[in-house]
Structures are given as C-alpha cells and as structure tokens.
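Report on one structure; see the data block that follows.
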Amino acid sequence: MEVAEDPDQMVVQEYPPFVRIYKSGRVERLKGNDVVPASVDSSSAVSSKDVAISGDVSARLFLPNNNDADPSEEKKKKKLPVLLYVHGGGFVIETPFSPAYHAYVGSLAAAAGVVAVSVHYRRAPEHPLPAAYDDAWTALAWVASHADGAGPEPWLADHADCTKVFLAGDSAGGNIVHDLLLRAGEGGIAGGIAAHPPVGAVLVHPYFWGARPTHAPPGADPTALWPGMEKFWKFVCPNTTGEDDPRTNPHAGGPAGFASLAGKRVLVCLAEKDFLTVWGRMYCDALGSGGYYKGTVEMLESEGEGHVFHLFNPECQKAKEMMSRVVDFINRDD
C-alpha cells in the first residue's frame, strides 16, 4: 500500500534564500525569523518600543534619550526630526524586530538624532504587493497625524518634529521608499502635514530592475539574472505587467514619474559588488542628468562591498563611512 505524501512536507515553490512554499499552503521563511525585544540600549542611550498603527501595520520606534544628557530647558523643548525606515528582505523576509534591523535603525537614530519609525508591513506571499506599499503609506500618514503635537503616540507628539520627515530603506525597502515619494508628490500626505512632504529620502541598494542596463559592474552580467528576477517579482507581485512595471522599473513611467517625486534631496547608496548597482546608477542618472527631479540627487558607492553589507558588518570602514554620509544628509541645513 502506498503511503500518501504529507502535503505539509511537499515543496511546490522555492526561492532561496528567502522562502519555501508547501502544497498545504504553509510558508517557510528560510531566514530573517529571529527577533529581539524592544529595550533601552545602555551603550547608545536609545529607547525602543513597539506600537500598533492600523490593522496589521505596526512599527518599532526609537527615541534617543538626549534630554537626559542635557537637562537644560532649551534642550527639552527641541524636537527631533523623524526618520521613517522601511526594511528590506525581498518583500518576503525580515522585520523591524530582526537583530540586524533593530541594531541598525537604533544606531542611526542615535547618530542622526532622530525619532525613528521602523515599519512592520505585511509580507508576500501571504500578502502580495501592493500590500507593503499600502502599509508603508499608512505608516507615513500616521506619522503625519502627529503634526503640531497632535496624534496618539507620545514619543512623536512630544519629541518629534513631524514637519521634518525623512524616508529611508534598503533593498526592497528602498523600492518602497521610491513609491512613497511618488505618492507624496502626486497626492500630498494624508494627515496633519499635507503642507510638509518628506524633506528627503535615502535609498540604500534599492531593488530596481527591468530597464535594460547600459553598463554593468565589473565582472557582472545583470541580464543573465533576468529569468530568475522576473519569476521572483511575479511571485511577490502577481498583478505585475512584467519588466515594464513602474513599481520595479521607475524608467517605465517616463519623465513624469521622476518629476513628481516629493522631497528636496535624495541620497542613493550603492555597493560595487551588488548586482543591483547597475539599476541604482541608472536611477541616479535619470533623476540627476535628466533634470526632471526638482530636488538634488547624491550618490555614494561603496567600493569592494556587496548587497546590504552594512547590516552584516556594521563596524567595517565602509559601513561607518555610509553611516556618516547618511547622518550628514539628514542633519544638513536646507
């Protein structure tokens, strides 16, 4: 007698190193599952806590305890800029509670002196795109609702200047940040700061592809990865039109897509050995040389480094250089 196979053990789809799907519908994430609790970091003097925003959308907040070091009334009255951070992971893995993201966003909050809002969005495949885009927008609108000391969250109402908001994200998070800039530029921001769109955005090793590369990193052939990238993109975004989808290929929208981006300045951080770098360079070229984006465009390329290297080796010299550049970008006077 044949023994029927257990559908909960039968793999029907697999996208290493991200996810495995079983016949029963069970989703197994292959990495990014570890979590660390919110806490007070004694070394950086940054407190963190988790908050519910709306429905399935939540966030981990980071607040530098600067007031403890300077008890002056003037210091206590000073409100901090807000950084809305969107994590990477191919739209499938990782969370703001992952050790690497908790450590990085906390370090960035301390170094830049910002209240950071690290967004926990719904992930594919259970929630295919555009769920992550919509959730990030919901989080941005929630931040906006705290303008002028209003809103339900005391850390934002009491300590944050919600008229000075920056966006940042890496890999898939960088892709989502681009979508947020488009929405903010086209329709304004819901909530209390409609007159104050994001000041700027940092896209770290952003997940873009689709436009045929005109030049590639040394020794790399991005077009050779085309079939796998197209298959994975359809997995996370079933309603896609393919390589001409402006959500992954900003060039598909033509000049108007770049002209409507919100913000005064954009910093794009790239890594020399990252196969996505070719599209990151093209993105910078389109924003800068085309003259369509109304703000300024900056690019930092880390030589000899790979995709999201700063998360895995935050103490290396290139990661420290990138952190310094991001901090300067946020703290620069307009």
Side-chain angles (χ1 to χ4, degrees), residues 59-60 62 64 80-89 94 96 100-101 103-119 121 132-133 136-137 139-140 143 160-161 164-185 189 197-208 250 258 261-271 274 276-277 279-288 293-302 305 307-311 314 318-334:
R60 175 159 289 181
F62 296 83
L80 306 176
V82 178
L83 177 69
L84 184 83
Y85 195 89
V86 189
H87 71 82
E94 303 289 0
Y101 281 106
Y104 178 71
V105 180
S107 297
L108 187 53
V114 297
V115 179
V117 180
S118 188
V119 183
Y121 54 82
Y133 297 129
W137 179 255
L140 182 57
V143 169
D161 179 358
K164 193 172 184 180
V165 177
F166 290 85
L167 311 177
D170 65 274
S171 194
N175 177 292
I176 294 172
V177 165
H178 172 77
D179 183 78
L180 290 176
L181 289 175
L182 280 175
R183 292 197 192 194
I189 302 177
V199 175
V202 181
L203 284 69
V204 179
H205 312 163
Y207 179 85
F208 295 134
F258 295 106
L261 289 177
K264 297 180 180 180
R265 53 183 186 268
V266 170
L267 169 63
V268 182
C269 297
L270 306 174
D274 182 4
L276 292 175
T277 288
W279 288 287
R281 290 176 184 154
M282 293 171 66
Y283 181 78
C284 291
D285 289 344
L287 263 65
Y293 176 54
K294 301 178 182 64
T296 59
V297 183
E298 304 174 28
M299 186 180 81
L300 171 66
E301 185 168 330
S302 300
E305 300 293 351
H307 192 63
V308 295
F309 71 93
H310 60 293
L311 295 177
K318 294 297 182 182
K320 291 180 179 179
E321 290 174 1
M322 192 176 80
M323 174 68 79
S324 178
R325 182 69 176 271
V326 172
V327 169
D328 174 75
F329 179 86
I330 294 173
N331 289 328
R332 190 180 310 154
D333 292 333
D334 295 325

(request) Sorted by first residue and then second, give each salt bridge (charged side-chain N to carboxylate O under 4.0 Å, His left out) pair with at least one member in residues 172-182; sequence neighbours left out. (result) D179-R183

(request) Give the minimum heavy-atom separation between G280 and V268, together with the two atoms involved. (result) O-CG1, 4.4 Å

(request) Report the C-alpha separation of L182 and L261 in whole Å, then their side-chain angles, then the decisive distance to 0.1 Å, and conclude whether the side-chain contact (heavy atoms from CB on, under 4.5 Å) test is met. (result) CA-CA 5 Å; L182 280 175; L261 289 177; 3.6 Å; yes

(message) Test your reading of the model: is there a side-chain donor-acceptor pair from S171 to the backbone of Y207, 3.5 Å cut-off?
(response) no

(request) Locate the shortest heavy-atom distance separating P206 from L270; write the atom from each residue and the value. (result) CD-CD2, 4.1 Å

(message) With side-chain contact (heavy atoms from CB on, under 4.5 Å) as the test, pick out the partner of L167 among V86, V202, V266, L140.
(response) L140

(message) Contact between P96 and V105 at the side-chain level, heavy atoms closer than 4.5 Å - yes or no?
(response) no

(request) Determine, step by step, whether V114 and F62 satisfy the side-chain contact (heavy atoms from CB on, under 4.5 Å) criterion, reporting the C-alpha distance in whole Å, the side-chain angles of both residues, the deciding distance to 0.1 Å, and the verdict. (result) CA-CA 8 Å; V114 297; F62 296 83; over 6 Å; no

(message) If I compare all heavy atoms of F309 with all of A319, which pair ends up nearest, and what's the gap?
(response) CE1-N, 3.5 Å

(message) Can a donor-acceptor pair be found, under 3.5 Å and without considering hydrogens, that links the side chain of S107 to the backbone of A103?
(response) yes

(request) Could you check if a side-chain atom of V199 sits within less than 4.5 angstrom of a side-chain atom of V165, using non-hydrogen atoms only? (result) no

(request) Could you check if a side-chain atom of T296 sits within less than 4.5 angstrom of a side-chain atom of K264, using non-hydrogen atoms only? (result) no

(request) Could you tell me whether the side chain of H205 and the main chain of H307 form a donor-acceptor pair under 3.5 Å? (result) no

(message) Working to the nearest 0.5 angstrom, can you tell me the gap between C269 SG and E321 CD?
(response) 11.5 Å

(request) Kindly assign one of parallel, tilted or perpendicular to the pair H310 and Y104, based on the angle between their ring planes and the thresholds 30° and 60°. (result) perpendicular

(request) May I have the step-by-step check of side-chain contact (heavy atoms from CB on, under 4.5 Å) for N175 and L203, ending in yes or no? (result) CA-CA 8 Å; N175 177 292; L203 284 69; over 6 Å; no

(request) Could you tell me whether the side chain of V115 reaches within less than 4.5 Å of the side chain of D161, counting heavy atoms only? (result) no

(request) Quick one: list whatever passes side-chain hydrogen bond (donor to acceptor under 3.5 Å, both in side chains) with S302, sequence neighbours left out. (result) none

(message) Going by salt bridge (charged side-chain N to carboxylate O under 4.0 Å, His left out), name the residues that satisfy it together with E305, two or more places apart in sequence or in a different chain.
(response) none

(message) Please report the interatomic distance NZ(K164) to CD1(I330), rounded to the nearest 0.5 Å.
(response) 10.0 Å

(request) Would you confirm whether Y293, through its side chain, and G263, through its main-chain N or O, come within 3.5 Å as a donor-acceptor pair? (result) yes

(message) Show the nearest heavy-atom pair for residues Y121 and A132, with the distance to one decimal.
(response) CD1-CB, 3.5 Å

(request) State which residues pass side-chain hydrogen bond (donor to acceptor under 3.5 Å, both in side chains) with D170; sequence neighbours excluded, sorted by chain then number. (result) Y85, Y101

(request) Could you tell me whether a side-chain N or O of R281 sits under 3.5 Å from a main-chain N or O of M299, the two making a donor and an acceptor? (result) no

(message) Applying side-chain contact (heavy atoms from CB on, under 4.5 Å) to L300 and M322, what does each step give before you reach the verdict?
(response) CA-CA 8 Å; L300 171 66; M322 192 176 80; 3.9 Å; yes

(request) Over all heavy atoms of both residues, which pair between L84 and A139 is shortest? Give the atoms and the distance, please. (result) CD1-CB, 4.2 Å

(request) Quick one: list whatever passes ring-ring contact (aromatic ring centres under 6.0 Å, His included) with F208, sequence neighbours left out. (result) H178, Y283

(message) Among residues at least two apart in sequence or on other chains, which ones pass side-chain hydrogen bond (donor to acceptor under 3.5 Å, both in side chains) with N331?
(response) none

(request) Over all heavy atoms of both residues, which pair between V297 and C284 is shortest? Give the atoms and the distance, please. (result) CG1-O, 4.2 Å

